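Have a look at the structure below before the remarks.
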Amino acid sequence: VLAEPWRPQAERIDVRTLMERADQPATAPASAALCTGFVDVQANRLETLVVAWSAGEEAHVLVWEQHEGDPTRDEVWDEAWAALRADHGA
């Protein structure tokens with residue numbers, strides 16, 4: 001008899017739905033000392049993240065966007081660069 005591991009039934013949460021419901025500040029809080037920006041390259045998209053940092057390594061996510069398309073195309077990178085270059089108030 002072949003045993004199979006038991007997996008509890010869990011509700012799956014769509015990350016896009018969660019991000020739409022999350023409160024995202026439009027600008028960095030006054031306590032932010034600096035902002036960092038990242039672009040994660042995936043096979044079919046770029047993901048942009050901008051984080052404001054306050055004392056005690058407190059992080060505030062300002063931007064998290066997905067830019068759909070072939071990451072070898074300039075248009076996709078233009079969208080990602082625009083998100084990074086936007087004025088986030090820091």
Side-chain angles (χ1 to χ4, degrees):
V1 176
L2 177 63
E4 294 184 20
W6 179 79
R7 293 185 184 174
Q9 187 111 13
E11 180 180 340
R12 289 206 165 255
I13 298 173
D14 179 53
V15 70
R16 291 173 200 240
T17 302
L18 185 60
M19 290 302 294
E20 288 172 4
R21 294 176 62 187
D23 291 331
Q24 290 191 3
T27 60
S31 62
L34 66 101
C35 289
T36 54
F38 311 90
V39 176
D40 182 22
V41 180
Q42 299 293 319
N44 62 344
R45 69 187 182 283
L46 298 175
E47 295 191 15
T48 305
L49 176 67
V50 177
V51 180
W53 298 93
S54 298
E57 298 182 11
E58 182 177 349
H60 309 272
V61 175
L62 303 178
V63 175
W64 179 78
E65 295 178 358
Q66 291 186 338
H67 311 283
E68 301 292 334
D70 183 352
T72 63
R73 299 191 49 93
D74 289 340
E75 299 84 21
V76 181
W77 279 99
D78 290 343
E79 291 178 23
W81 283 118
L84 290 175
R85 289 186 180 131
D87 181 9
H88 302 292

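Quantities reported herein were computed from a predicted structural model and do not represent experimental measurements.
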Quiz item: Looking at side-chain heavy atoms only, is the closest gap between V61 and L49 below 4.5 Å?
Solution: yes
Quiz item: Shortest non-hydrogen contact from L84 to G37?
Solution: CD2-CA, 3.7 Å
Exercise. Working to the nearest 0.5 Å, report the span between CD of E68 and CD of Q42.
Key: 10.5 Å
Quiz item: Given side chains that start at C-beta, do those of L62 and C35 come closer than 4.5 Å, heavy atoms only?
Solution: yes
Quiz item: Counting heavy atoms not belonging to W77, are there more than 12 under 6.0 Å from its CH2?
Solution: yes
Quiz item: Would T48 and W64 count as having a side-chain donor-acceptor pair, cut-off 3.5 Å?
Solution: no
Quiz item: At their closest point, which heavy atom of V51 faces which heavy atom of A59, and how far apart are they?
Solution: CG1-CB, 3.8 Å
Practice problem: Enter the distance from D78:CG to R85:CZ here, rounded to the nearest 0.5 Å. | Solution: 8.5 Å
Quiz item: Shortest non-hydrogen contact from W53 to T36?
Solution: NE1-OG1, 2.9 Å
Quiz prompt | Minimum side-chain heavy-atom gap H60-S54 below 4.5 Å | solution = yes
Quiz item: Which value, rounded to the nearest 0.5 Å, describes the distance between E75 atom CD and H67 atom NE2?
Solution: 13.5 Å
Quiz prompt | salt bridge (Lys or Arg N to Asp or Glu O under 4.0 Å): pairs with one or both residues in residues 36-47, sequence neighbours excluded | solution = R45-E47
